[in-house]
Amino acid sequence: MIALVDCNNFYCSCERVFQPALENRPVVVLSNNDGCIVARSAEVKALGIAMGTPLFKVRELIQKHNIAVRSSNYTLYGDMSHRVMRTLEAFSPDVEIYSIDEAFVYLDGIRADPYDYAARIRATVSRHTGIPVSLGVGPTKTLAKAANKLAKRRHATETSNSFVNNAFLKNSAERQADTETGLPLDAVRKKEESPTPKTIHEGVAVVNTPSEQAQTLAVLDVEDVWGVGPRNARKLRRAGITTALLLRDADLQWIRKTLTVTGVRTVLELRGQRCFQADMTPEPNRQIVRSRSFGRPVTRLEELEQAVAMHAGRAAEKLRAQKSAAGLVSVFVMTNRHKQGPQYGNSATLKLAIPSDATDTILAAALKGLRRIYRPGYAFKKAGVMLMDLSPVAAAQPMLFAELQAPQSSPLDETLDAVNRRFGSQTLRYAAVGFDHPWAMRREHRSPQYTTQWSDLPIVKVSGSP
DNA sequence: TCTGGGGTCCTAGGACCC
DNA sequence: TCTGGGGTCCTAGGACCC
C-alpha cells in the first residue's frame with residue numbers, strides 16, 4: 001500500500017504555526033509580487049475564492065471577511081517542508097518527496113493496520129511540526145491520490161462548518177441534487193457518509209477492498225483524478241465519462257486514442273495496477289528556469305541587464321547544486337499581456353562552446369542574448385533565464401575544436417556558493433546584478449523567516465515576566 | 001495600480017540517413 | 001512510363017503536475 005501525505009493548505013498552515021492568532025481567521029497567501037492567491041485556508045475556499053484569483057479582484061471580500069493576507073515566504077515554507085519530510089522518514093524507509101507539500105510513503109512491509117498507521121503519521125506530523133496533513137492510502141499512486149481527496153473532504157467538513165456553504169465538498173452530481181431537493185446541507189452531508197465507518201475519518205482515508213475502491217471512485221468527479229486536467233476532463237465529459245469510476249471502466253482502446261498512453265496509465269492505476277513507479281532518488285533536473293515578473297514596468301536596457309544577470313546567477317547556483325553543466329543558455333523578455341499598449345516577447349538561445357556551470361560564462365551568454373532581443377519603447381513585465389541541455393559535470397563533452405583548458409569549476413564560484421549558503425542568497429554576487437532594484441518584486445505582507453534567521457526568531461513571553 | 005513560477009512527459013511532423 | 005521502405009533524431013506544441 002502507498003500513503004499519499006498532503007499538507008492541508010500548506011502555505012496558510014505554515015503562517016498559522018507561527019501566528020496562532022490566524023487559527024480561526026480566513027487566510028490567503030499570495031504569489032510573487034503579491035499578484036494572485038495561491039493558497040487559501042478552508043474558510044477562504046468556503047467563500048468561493050478560486051485558486052489563482054488575482055488579489056485586486058477580491059479586495060472587497062477580503063475587507064468584508066477580515067481575511068488575513070500574506071506574501072509568500074518560501075524560505076519559511078521550504079524549511080517547514082523539510083521538517084515534515086524528516087518526520088515522515090521515521091515511518092518508512094521509502095519516502096518519495098513529490099512536491100513542497102506532498103510525499104508518497106510506501107507501506108510495503110509494514111505490518112500495522114494501514115488505517116491506524118496513517119492516523120499515527122498524521123498525529124506525529126502535527127505534534128512535531130504543527131502542520132495538519134491528510135493521508136490517502138491505496139494500492140497505487142492514483143488510488144492513494146483519490147483516497148486523499150476523500151480524506152480532505154472529510155477534514156474540511158470538520159473545520160470550516162462556520163463558513164459553510166460547503167459546495168466544494170460535493171461532486172457535481174450531488175451539487176445538482178442539492179439545489180434540486182433544497183435539502184439542508186446537514187442532511188445532504190449525512191447522506192454522503194463514508195463507505196465503511198472506520199476507513200474515513202479525521203483526514204485519513206484507506207481505499208483498499210474492491211468495494212471501497214468502487215465507492216470512492218463513484219463520488220469523485222473525473223476532473224479530480226490525478227492526471228486528468230481541464231482539457232481532457234472536457235473530452236471525457238463529452239463522452240459521458242463524468243466520474244472516476246466511469247473512467248476506470250472505460251474502454252482502453254478508446255482511452256489510448258483519446259488520451260494517449262498517459263491516459264491508459266491513469267486508467268490502469270485506477271484499476272489497481274501500478275504504472276507509476278516509486279522514485280526515491282530523483283534525477284537532476286533536465287532544465288533550470290529562473291524568472292520573475294517586475295514590481296513595476298521596466299523599459300531601460302540597463303535594468304533588464306541587472307535582472308537577467310541576477311537570474312543567470314541564481315540559475316547557475318542551482319545548476320552547480322545539482323552538479324550539472326549547461327550546454328544551452330536561453331534568455332527571454334516579455335511585456336504585460338494583460339495591459340493595453342504595444343506587446344513584445346522574444347527569446348534568444350546561445351550554445352556554449354563547452355558545457356559550463358560557471359556564473360561568468362552563463363551570465364555573459366545571457367547578457368549577449370538579451371542585447372540581441374532587446375527593443376526600446378516597450379514596457380517589460382518579465383524577464384528570465386533558462387538553462388538546457390544539461391549534463392553531469394563529470395561527463396561534460398567539449399566540442400571537438402574548442403579550447404580544452406577551460407576549468408571544470410571555478411574557485412570563485414565555489415567561494416560564492418559557500419558564502420551565500422552561510423550568509424544568505426545574494427550576499428555575494430556579480431557586480432552586473434547592481435544594487436538598487438526599483439523593479440524588484442513586491443512583497444508587502446511577508447511574515448518573518450521564523451526558522452532560518454536569528455533576527456526573526458519568534459519571542460515567547462511568559463505571563464507574569466517582564 | 002494590481003494577473004506566479006518551475007517543472008515533466010508525449011506526440012506529430014519535418015529533416016535526415018541508408 | 002516509371003518514383004521504396006525503414007529507420008532515427010530533433011523540435012514545437014500540447015497537456016499535465018504542484
**Prompt:** Among C:dC16, B:dG4, B:dG6, which nucleotide sits nearest the side chain of A:Pro230?
**Reply:** C:dC16

**Prompt:** So with a 6.0 Å cut-off around CG of A:Asp436, is the heavy-atom count from everything else above 12?
**Reply:** no

**Request:** Please state whether the phosphate of B:dT3, meaning OP1 or OP2, lies under 4.0 angstrom from any side-chain nitrogen or oxygen of A:Lys381.
**Result:** yes

**Message:** Using the P atom as the point on both nucleotides, what is the distance between B:dT3 and C:dC18, in whole Å?
**Reply:** 25 Å

**Message:** Once you apply a heavy-atom cut-off of 4.0 Å, does A:Arg234 come out as touching a base, just sugar-phosphate, or nothing?
**Reply:** nothing

**Item:** Pair A:Lys382-A:Asn336, side-chain donor/acceptor within less than 3.5 Å
**Value:** no

**Request:** Looking at every strand, decide which applies to A:Ile288 at a 4.0 Å heavy-atom threshold: base, sugar-phosphate, or nothing.
**Result:** sugar-phosphate

**Message:** With a 4.0 Å limit, can you tell me whether A:Asn232 has a side-chain N or O closer than that to the phosphate oxygens OP1/OP2 of C:dA15?
**Reply:** no

**Request:** Take atom NZ of A:Lys257 and atom C1' of B:dT11, then tell me their distance rounded to the nearest Å.
**Result:** 17 Å

**Request:** Please determine if A:Lys141 forms a cation-pi arrangement with A:Phe104, meaning its NZ or CZ atom is less than 6.0 Å from the six-membered ring centre and no more than 45° off the ring axis.
**Result:** yes

**Request:** Would you check if there is a donor-acceptor pair between the side chains of A:Glu15 and A:Tyr450 at a distance under 3.5 Å?
**Result:** no

**Asked** With nearest nucleotides of DNA chain B determined for A:Arg337 and A:Val289 from heavy-atom distances, which residue corresponds to the more 5′ nucleotide?
**Response** A:Arg337

**Prompt:** Does a nitrogen or oxygen in the side chain of A:Arg292 sit under 4.0 Å from OP1 or OP2 of B:dG6?
**Reply:** yes

**Asked** Are A:Ser134 and A:Asp6 close enough that a side-chain donor and a side-chain acceptor fall under 3.5 Å?
**Response** no

**Request:** Would you indicate, yes or no, if C:dC18 has its OP1 or OP2 atom less than 4.0 angstrom from a side-chain nitrogen or oxygen of A:Lys145?
**Result:** yes

**Prompt:** Of all the choices, B:dG6, B:dT11, B:dC2, which nucleotide is nearest to the side chain of A:Ser291 once you look at every atom?
**Reply:** B:dG6

**Asked** Checking all strands, does A:Arg286 fall into the base, sugar-phosphate, or nothing category for heavy-atom contacts under 4.0 angstrom?
**Response** sugar-phosphate

**Asked** How long is the line joining CH2 of A:Trp226 and P of B:dC9, in whole Å?
**Response** 12 Å

**Item:** Length of the OH-P vector between A:Tyr98 and B:dC9, whole Å
**Value:** 11 Å

**Asked** Just how far, in rounded Å, is P of B:dT8 from CD of A:Glu96?
**Response** 14 Å

**Request:** Quickly work out the A:His338 NE2 to B:dT3 P distance and round it to whole Å.
**Result:** 7 Å

**Message:** Is there a side-chain contact between A:Ser99 and the phosphate of C:dC17, meaning an N or O under 4.0 Å from OP1 or OP2?
**Reply:** no

**Message:** Counting only side-chain nitrogens and oxygens, does A:Thr262 get under 4.0 Å of the OP1 or OP2 atom of C:dC16?
**Reply:** no

**Spacing of A:Asn285 atom CG relative to B:dC9 atom C1', expressed in whole Å** = 14 Å

**Prompt:** For B:dC10, does either OP1 or OP2 sit under 4.0 Å from a side-chain N or O belonging to A:Arg265?
**Reply:** yes

**Request:** Ignoring backbone atoms, establish whether A:Arg314 has a side-chain N or O less than 4.0 Å from OP1 or OP2 of B:dG5.
**Result:** no

**Asked** Between B:dC2 and A:Asn33, is there an OP1 or OP2 to side-chain N/O distance shorter than 4.0 Å?
**Response** no

**Message:** Between A:Tyr106 and A:Glu96, do the side chains contain a donor N or O and an acceptor N or O under 3.5 Å apart?
**Reply:** yes

**Fill in**
note: A:Asn336, atom CG; B:dC2, atom P; distance rounded to Å ~ 7 Å

**Fill in**
Which of A:Arg371, A:Lys368, A:Arg300 passes salt bridge (charged side-chain N to carboxylate O under 4.0 Å, His left out) with A:Glu305? It is A:Arg371

**Asked** Reckon A:Lys235 touches a base, only the sugar-phosphate, or nothing at all at heavy-atom distances under 4.0 Å?
**Response** nothing

**Request:** Give one of base, sugar-phosphate or nothing for A:Asp34, where a contact means two heavy atoms less than 4.0 Å apart.
**Result:** nothing

**Request:** Send over the distance from A:Gln287 CD to C:dA12 P, rounded to a whole Å.
**Result:** 12 Å

**Message:** Let's test this: given Watson-Crick or G-U wobble pairing with both distances under 3.5 Å, identify the partner of B:dC18.
**Reply:** C:dG5

**From B:dG6, B:dG4, B:dC2, nucleotide with atom closest to A:Lys339 side chain** = B:dC2

**Request:** Classify the nucleic acid contact of A:Arg256 as base, sugar-phosphate or nothing, counting any heavy atom under 4.0 Å across all strands shown.
**Result:** sugar-phosphate

**Item:** side-chain N/O A:Lys382 vs B:dG5 OP1/OP2, d < 4.0 Å
**Value:** yes

